[in-house]
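All remarks here apply to the structure that follows.
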Amino acid sequence: MKIAIGCDNAGFPLKEVVREFLQQDYAGIEVTDFGVPNADDPEFYPDVAERVARAVADEGFDRGILMCGTGLGMAMTASKVPGIRAATCHDAYSAERARKSNNAQVLTMGSRVIGPELAKVITKAWMESEFDSSSRSGPKVQRMVEIDAKYQAHASAKTVPTDIAFPDSDQRGDIGNEPVAHRDTGFFADRASLNMERYVVLDYYFESVINPEEAAAHLCQEQSTAQWQRVGVDEDLRDRFGAKVIDLAVTGVLDQPSYPLPSAEPAPAYQCRVRIAHPHGNFGPRLPNILTAALGEGAFYSPGIATIKLIDIAFPHSFLRHFEGPKFGIQGLRDMLQVYDRPIFFGVVKPNIGLSPDDFAELAYQSWLGGLDIAKDDEMLSDVPWSPLRERAEKAGKARLKAEAVTGEKKIYLANITDEVDQLIDLHDIAVEQGANALMVNGMTTGLSAIRMLRKHTRVPLVAHFDFIAPLTHISYFGVHTRVMTKLQRLAGFDVIIFPGFGARMKTPDNEVLQSVGECLKPWGHLKPALPVPAGSQWAASTAFLYDRLNTVDFGIVPGRAVFAHPLGPKGGAASLRQGWEAVAAGKSLEVYARNHKELQLAIESNT
């Protein structure tokens with residue numbers, strides 16, 4: 001049995017009690033903690049409740065347990081997720097009946113209402129009670145399911161404006177000859193009627209110039225069973241193989257699509273959000289194939305849809321178990337560096353292009369002496385004649401060992417091996433044998449399947465860079481969301497994921513940065529967390545800013561010029577990064593701490 005557990009800061013102490021109780025008293029169950037990680041975390045309870053409820057609804061978890069001050073807000077939010085029945089219980093009898101009579105998949109409790117021992121009693125009663133659908137409660141729970149489905153449909157339908165008619169087929173330009181789809185065509189389903197372990201859930205935003213239900217059905221049709229019957233054969237392949245709309249809402253109306261169809265007359269466009277359950281048996285646990293289904297011809301050339309963006313993907317346990325994810329993860333990287341109580345300091349050796357291996361190694365050495373944890377190749381520096389990977393890795397590797405001996409700290413040289421796919425294994429072996437102890441690959445340029453292959457072979461952590469992601473993600477209503485790209489990179493096996501961070505230069509909304517951080521760190525079945533590195537023109541002040549925004553030390557920063565163009569050189573630049581964090585740890589402002597730290601003072605002067 002898989003249990004998802006979560007809380008807000010008020011419920012944190014009780015969550016820890018219940019989590020330990022489950023792990024000690026129930027052998028064989030898997031308990032996954034969905035946060036918050038500590039009693040000071042400010043995350044709102046609705047966000048935690050949604051994560052846990054979606055894990056139960058979509059991602060293969062059997063039950064969920066949530067705690068806040070009263071348990072009430074958690075229950076209200078969790079029950080908003082279609083198919084979820086959450087019950088607040090503060091006595092054992094209610095907990096028992098919540099399972100036996102109501103088939104509640106989520107239990108909520110209030111830390112300001114009950115104490116630790118009673119929470120254990122309630123949890124035990126709930127865990128050891130089962131619902132019997134053949135009992136007299138069976139039809140009543142089925143009626144709840146039907147009412148849930150009815151109001152999901154009602155909520156979708158009532159958002160369609162009644163004062164704007166859907167275009168007739170002769171107004172649709174090139175899409176006019178497409179077959180009209182309706183709810184009875186097999187591309188709609190109630191979530192509760194499906195075995196969600198068989199489906200990945202695709203969450204799209206789209207703009208439709210035709211009836212949104214018709215457009216959603218086309219979207220399912222084109223990405224799965226485009227034709228579901230042979231001529232002259234009485235069959236319908238949609239039941240097993242068809243993608244199905246499980247949630248659809250029209251959120252607004254535009255005078256015309258954000259990106260009008262070139263072959264169509266201007267027409268009103270309906271802004272829609274749809275969740276589609278796609279049978280993963282159609283493509284199996286293969287990254288190229290799921291991307292073909294979710295982001296391929298079927299999705300982006302679907303009739304009536306002017307623009308579309310994939311917002312999220314949810315994978316059930318039955319799909320996720322085929323992937324290994326990060327080999328080292330955050331813990332493995334920290335074990336290598338023997339650093340556990342602060343962020344990780346990366347630095348891009350600069351000048352990034354044009355240095356000989358000897359000059360590169362000397363700059364990396366100086367940065368390690370100043371306190372850098374990881375000196376790295378730039379993403380554009382590869383195996384080139386003027387700096388062959390073999391020679392660069394050998395010289396940087398020797399400089400790394402020398403720096404470790406001088407400083408008494410573990411260091412990492414991160415070599416970029418991005419190349420043609422058939423060269424990756426050989427370049428891995430060359431770089432590691434010569435002295436690199438982590439490897440960077442521009443995973444979107446090589447393809448994520450290449451990373452999954454490399455993860456099986458690698459002896460060192462793999463680091464992702466974000467090249468070729470912006471063209472897919474930057475347009476607001478088209479392409480794919482950055483959180484999906486981060487999630488897929490973790491799935492493929494990256495241990496560290498560098499992605500566009502905060503600030504104007506990176507052109508990424510703050511909420512998207514935070515969502516990518518969440519995709520790196522969130523509990524996700526058996527997959528280890530990956531270290532998030534939100535990048536972008538960083539310097540000594542960046543750690544304080546990121547620590548404040550992320551409320552964790554599990555992140556990295558990756559400056560270049562702030563280290564290698566520092567007035568005192570790479571050693572002084574790296575020292576300024578460490579001093580910036582020391583100021584945070586000491587509870588002092590940068591300016592105050594810089595009074596006795598020359599490197600930090602010069603960094604401040606250079607950045608003001």
Does the side chain of Asn211 come under 3.5 Å of the side chain of Tyr270 through a donor N or O and an acceptor N or O?
no
Under 3.5 Å side-chain donor-acceptor pair for His526 and Glu30:
no
Which residues share a side chain to side chain donor-acceptor pair (under 3.5 Å) with [X], sequence neighbours left out:
| X | answer |
| --- | --- |
| Asp510 | Arg549 |
| Glu197 | Ser318 |
| Asn352 | Asp378 |
| Arg490 | none |

State, to 0.1 Å, how close [X] and [Y] come at their nearest heavy-atom pair, and which atoms those are.
| X | Y | result |
| --- | --- | --- |
| Cys272 | Thr251 | N-OG1, 4.3 Å |
| Ala431 | Leu439 | CB-CD2, 3.7 Å |
| Gly242 | Thr225 | CA-OG1, 3.6 Å |
| Pro461 | Asp495 | CA-OD2, 3.3 Å |
| Ile498 | Ala535 | CG2-CB, 3.8 Å |
| Ile475 | Lys309 | O-NZ, 2.8 Å |

Report the residues that fulfil salt bridge (charged side-chain N to carboxylate O under 4.0 Å, His left out) with [X], sequence neighbours left out, ordered by chain and then residue number.
| X | value |
| --- | --- |
| Lys327 | none |
| Glu235 | Arg230 |
| Arg273 | Asp203 |
| Asp383 | none |

Ring pair (Phe, Tyr, Trp, His ring centres under 6.0 Å) filter on Tyr204, not counting sequence neighbours, yields none
By ring pair (Phe, Tyr, Trp, His ring centres under 6.0 Å), His317 pairs with (sequence neighbours left out) none
For atom [atom1] of [X], is the number of surrounding heavy atoms from other residues, nucleotides or ligands below 6.0 Å larger than 12?
| X | atom1 | value |
| --- | --- | --- |
| Glu297 | CD | no |
| Lys507 | NZ | no |
| Asp422 | CG | yes |
| Tyr477 | OH | no |

Within the 6.0 Å centroid threshold, strictly below: [X] and [Y]:
| X | Y | result |
| --- | --- | --- |
| Phe187 | Trp228 | yes |
| Phe283 | His278 | yes |
| Phe206 | Phe478 | no |

Check for a donor-acceptor pair, side chain of [X] on one end and backbone N or O of [Y] on the other, with a separation under 3.5 Å.
| X | Y | result |
| --- | --- | --- |
| Arg392 | Ser387 | yes |
| Ser224 | Ala243 | yes |
| Lys244 | Cys220 | no |
| Arg198 | Arg240 | yes |
| Gln229 | Val233 | yes |
| Asp247 | Arg275 | no |
| Glu519 | Thr486 | no |

Does any part of the side chain of [Y], heavy atoms only, come nearer than 4.5 Å to the side chain of [X], both counted from C-beta?
| X | Y | answer |
| --- | --- | --- |
| Pro37 | Thr552 | no |
| Gln223 | Ile276 | yes |
| Val106 | Phe61 | no |
| Gln489 | Leu448 | yes |
| Ile497 | Pro532 | no |

For residues 458-471, the salt bridge (Lys or Arg N to Asp or Glu O under 4.0 Å) pairs (sequence neighbours left out) are Asp429-Arg459
For residues 315-326, the salt bridge (Lys or Arg N to Asp or Glu O under 4.0 Å) pairs (sequence neighbours left out) are Glu324-Arg455
Salt bridge (charged side-chain N to carboxylate O under 4.0 Å, His left out) evaluation trace for Arg51 with Glu59: CA-CA 10 Å; Arg51 282 203 301 273; Glu59 298 173 10; over 6 Å; no
Original post:
Does the pair Thr307 and Glu207 meet the rule for a side chain to side chain donor-acceptor pair (under 3.5 Å), with working shown?
Top reply: CA-CA 5 Å; Thr307 187; Glu207 294 173 11; 5.5 Å; no
Quick one: sort the Phe319 and Phe315 rings into parallel, tilted or perpendicular, breaks at 30° and 60°. parallel
